[in-house]
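Everything below concerns the one structure shown next.
To find a chain, count down the sequence lines: A is the first, B the second, and so on, and within it residues start at 1. Computed from a prediction, not measured in an experiment: that's the story for all the values here.
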Amino acid sequence: MSSNDKKRMADVFGARANRRQMIRGAAGAGLAAPAFAAGLQAAGAAGTTRFATVDRAQGTPKKGGTFVCLGDQEVVGLSPEDADPTVVWAVVCQIHDSLYEQDENNELQPALAESYTISPDGKTWTFKLRKGVKFHNGDDFTSEDVKYTYDWIMDAKNGSTRIGNFDLVAKVDAPDPLTVVVTLKAPSPSMLFNVGGTYIYPAKYHAQVGEKGYKAKPVGTGPFKLKEWNAAERTTLTAFDDHFRGRPYVDEFRMDVVPEASGRAAALEAGKADTTIWPLGPEDNQSIKDGGKFAYWDWVQGAINHFPLNNEHPFLSDKEARKAMMYAIDRQSIVDDIFQGAAVVADSNMSPAFKWHTDDVTKYDYDPDKAKQTLDAAGWTGSGTRAKNGQKAAFECIVKTGDTVRRPEAEIVQQLFKDVGIDMQLREEPSPAMLDGMRTGKADAALFNWTYGTADPDATNELSSGGANNFSHFKNAKVDELLKQGLTEMDEKKRIAIYQQIQQIITEEVPFLYILILKATTFYAKRVKGVPEKMLNGDNFIQKVYQVWIEG
Amino acid sequence: MLSYIINRLFQGAIVVVLVSILTFLVMQAVPGSPVDLMIGKQKVSIEQRKAIEHKWGFDRPWYDQYFTWAGNLVTGNMGESVVRTGEPVSSMIKNAALMTLRLNVLSFFISIAIAIPIGMLAAIKRYSWFDYGSMLGATIGVTIPNYWIALMGIVLFSVKLGWLPPYGADSWKSYILPVFVLAFEEIAALARLTRGATMEVLGQDYVTTARAKGLKEKVVISRHVLRNALLPIITVIGYRIAFILSGTIVVETVFGWPGMGRLFFDSINRLDYQVVQAIVLVLSIVIVVVNILTDLTYALIDPRVRIR
């Protein structure tokens with residue numbers, strides 16, 4: 001951290017941040033991950049302290065004001081079902097709560113649950129729910145709401161997009177109003193992410209209005225309730241007086257939609273908004289940082305910018321050819337020139353943002369000579385475009401239509417490939433077509449970002465043979481087995497070892513070309529107080545608007 | 001006259017139906033499905049994905065889906081978006097259309113009011129400083145992308161001066177920048193066209209005759225030149241009116257304006273068939289009707305055009 005940065009941090013926090021308080025807050029409320037390793041009985045303590053992570057050095061909280069967030073696309077609906085786009089999620093999470101929530105440091109914190117216990121066989125999870133929680137319509141929150149929500153998602157005829165999170169759940173019971181028992185088909189360490197992180201519907205109301213009606217008029221337990229929804233323009237929420245953490249300090253939360261990144265940057269600079277939930281361009285980031293009106297947090301994201309390669313393509317099926325391609329790409333210069341330093345070179349399928357990541361993998365530093373030697377050795381020879389037994393070292397790569405960042409990236413790679421005798425042609429397609437092309441194997445290769453394991457490291461859909469998002473058509477029996485083990489391994493150390501082993505195999509097999517991982521910058525206007533010192537995932541902090549207040 | 005209108009309307013109806021079938025086919029031909037976007041990065045297995053596709057009916061053949069859509073339409077139901085399911089398509093389109101109309105109608109009248117006098121004056125005072133100046137301005141207006149003008153406008157008036165809001169549609173102030181940006185390009189194009197059309201008329205024999213018989217220049221211009229020069233201008237204006245509803249993606253995107261351009265663009269990108277279909281339907285009806293109206297207007301302005 002430069003001295004300038006330190007100064008800025010000091011500006012934000014008024015004085016030295018009180019770290020001890022934060023750590024205590026996190027440990028008290030947290031389900032520290034080693035709890036898994038320690039044994040089967042991990043109890044998340046009841047978070048009795050309000051706003052455990054608020055840094056008191058930032059002054060006395062004030063009530064009132066409107067917190068304005070900018071989003072890049074329509075808030076298409078207000079149900080948790082709609083919450084895949086970050087912008088929609090940023091609104092949905094204000095209205096709803098789940099049993100456990102992943103905070104800005106990728107740690108799980110209790111929300112609607114107070115604690116949980118796990119049976120010795122790891123298959124029965126018993127959650128103790130928080131008492132006295134109300135929904136926005138005045139209904140009491142009970143275990144019936146949890147059971148209803150989970151059962152609704154698991155019922156395939158409802159067509160829930162979250163059904164995959166419940167793959168391992170056998171049944172859900174509600175023995176008393178404050179107890180939920182989830183019985184699993186197999187032990188699952190991802191339980192708290194997948195199931196515990198599910199936003200809870202009010203059973204009575206949701207059954208009454210149905211999912212379609214719910215999308216326009218949601219009722220949750222969250223700190224803010226709906227005031228007005230105008231999908232393409234603005235969504236306004238007001239503070240919920242009876243929220244279980246206490247009424248939020250700000251009166252209103254607003255999500256304004258400005259699709260153009262430069263437009264959002266200008267709105268921030270004009271002081272019209274407090275934060276933006278979707279990244280800005282690198283130049284705009286720098287300009288806002290320099291402007292001094294915003295506190296900021298730089299962090300590494302989870303998605304990998306990569307070229308999935310159809311491993312069944314006559315040229316791309318050759319592992320040595322794929323390795324040669326890795327050597328041929330100057331990833332650092334892509335980071336520097338295309339992303340202007342706002343990224344890190346990826347060294348496997350896992351982002352270093354997560355504890356599952358390992359450095360101990362096969363590395364491919366830029367070395368065009370080695371790329372050529374590797375191709376020669378594998379029998380891909382000839383001047384111009386190389387060939388082997390009549391098959392040319394050529395394929396087509398799809399880039400999303402109008403993608404102004406990844407198109408130039410693909411063009412650089414195209415040139416670098418040409419230098420070593422590989423012919424990569426580019427074609428643009430809209431994103432559903434691109435994903436479909438890769439899934440069905442009609443397309444050879446593409447360039448987009450995807451996650452291969454995040455805070456929850458599972459990547460069964462992406463890396464297992466025949467997985468729904470196995471864009472590269474990668475088949476590896478060892479990886480299949482490890483993914484299966486990872487799903488049920490309750491010992492955290494062993495689990496980390498499993499996912500690290502997967503990374504080692506991926507870097508040895510190179511099913512796809514992992515290029516880089518974007519860094520993101522999260523901005524909060526300096527008038528917003530009650531923000532944490534550290535954020536490993538700046539996007540996630542938006543769910544804690546309930547703890548901020550607006551100065552002046 | 002009446003039979004002409006009925007005839008044209010009948011032809012128009014056929015065009016609208018053909019366009020809707022064609023749109024449906026084109027949308028179906030695009031690989032992928034809106035389910036991809038619904039699922040996003042959620043963990044969903046292949047079987048679960050199929051169940052979701054089934055729930056929304058995407059596994060049915062295209063003609064089956066088309067007839068369901070057309071059948072609903074007859075009963076006044078435009079269907080529902082698969083992405084924005086909480087709101088009926090008709091209300092989505094109505095809201096977006098109103099937002100776009102406010103912006104476009106305003107900029108449309110402003111640009112006509114400014115462009116036609118400028119264009120005519122430039123033609124009459126040909127090769128004067130006014131002519132050179134206004135046509136230089138028009139060339140700049142046509143060549144500079146409105147994306148850039150929009151952003152520069154925001155930087156100057158919102159960020160630096162703080163006079164106007166950078167986005168949104170909250171007050172009359174919100175209209176100034178987007179209307180100006182839209183009108184700028186429009187004025188430039190229309191002024192050039194008016195100048196060209198007027199110059200052509202000025203060279204006609206009947207204008208010389210009018211002058212020769214001693215009419216005042218004012219009368220020559222207003223009675224003979226203006227009326228004749230208006231014909232090509234009306235063609236273009238009619239064409240512009242037809243697209244007044246379709247919105248302008250660039251301006252709507254930069255200014256966060258919730259109009260038709262964005263709705264259309266977003267819906268195409270997420271393969272939201274029902275919405276795309278409904279928008280195309282509305283737009284094609286508007287275009288057909290405006291075309292008929294344009295033809296009728298010719299007859300009003302130019303007695304030489306007779307409708308049979």
Exercise. Could you tell me which of A:A270, A:A468, A:A265, A:P259 has the largest number of non-hydrogen atom pairs under 4.5 Å with chain B?
Key: A:P259
Quiz prompt | Structural part of A:L268 lying under 4.5 Å from a heavy atom of chain B | solution = neither
Practice problem: Taking all non-hydrogen atoms of both residues into account, name the closest pair between B:V89 and B:M78 and its distance. | Solution: CB-O, 4.0 Å
Quiz item: Counting heavy-atom pairs under 4.5 Å to chain B, which of A:G159, A:P432, A:P430 comes out on top?
Solution: A:P432
Self-check item: Part of B:I46 within contact of chain A (heavy atom distance under 4.5 Å)
Solution: both
Quiz item: Who pairs with B:V142 by side chain to side chain contact (heavy atoms under 4.5 Å, CB included), at least two apart in sequence or on another chain?
Solution: B:A188, B:R192
Quiz item: Does the side chain of B:L73 come within less than 4.5 Å of B:L281's, by heavy atoms?
Solution: yes
Quiz item: Taking the inter-plane angle between the rings of A:F471 and A:F448 on a 0 to 90° scale, is it parallel (under 30°), tilted (30 to 60°) or perpendicular (over 60°)?
Solution: perpendicular
Using a plain distance cut of 3.5 Å, could you tabulate donor-acceptor pairs between chain B and chain A?
residue : atom : partner : partner atom : Å
B:G32   : N    : A:D436  : OD2          : 3.4
B:D36   : OD1  : A:R439  : NH1          : 2.4
B:K41   : N    : A:D84   : OD1          : 3.3
B:K41   : N    : A:D84   : OD2          : 3.4
B:K43   : O    : A:G164  : N            : 3.4
B:K43   : NZ   : A:D456  : OD2          : 2.7
B:V44   : O    : A:N461  : ND2          : 3.3
B:Q48   : NE2  : A:D167  : OD1          : 2.7
B:E80   : OE1  : A:K212  : NZ           : 2.9
B:R84   : NH1  : A:E74   : OE1          : 3.0
B:R84   : NH1  : A:E74   : OE2          : 3.0
B:T85   : OG1  : A:K215  : NZ           : 3.3
B:Y147  : OH   : A:E260  : OE2          : 3.2
B:Y167  : OH   : A:D256  : OD2          : 2.4
B:D170  : OD1  : A:R234  : NH1          : 2.9
B:D170  : OD2  : A:R234  : NH2          : 3.4
B:T253  : O    : A:E260  : N            : 3.4
B:R262  : NH2  : A:A232  : O            : 2.7
B:R270  : NH2  : A:E74   : OE1          : 2.8

Quiz prompt | Option from B:I285, B:V280, B:I279 for which side-chain contact (heavy atoms from CB on, under 4.5 Å) with B:L283 holds | solution = B:I279
Quiz item: Do the non-hydrogen side-chain atoms of A:L280 and A:F523 ever get within less than 4.5 Å of each other?
Solution: yes
Quiz item: Got more than 12 heavy atoms from elsewhere within 6.0 Å of CZ, B:F265?
Solution: no
Exercise. Please look at B:V254 and chain A and tell me whether the side chain, the backbone, both or neither of the residue comes under 4.5 angstrom of a heavy atom of that chain.
Key: both
Quiz prompt | Ring center gap for B:F184 and B:F180 short of 6.0 angstrom | solution = yes
Practice problem: Name the member of B:I154, B:V35, B:L151 that forms the most heavy-atom pairs with chain A at distances under 4.5 Å. | Solution: B:L151
Self-check item: Closest heavy-atom pair and its distance - B:R240, B:A189
Solution: NH2-CB, 4.1 Å
Quiz item: So which part of B:A96 gets closer than 4.5 Å to some heavy atom of chain A, the side chain, the backbone, both or neither?
Solution: neither
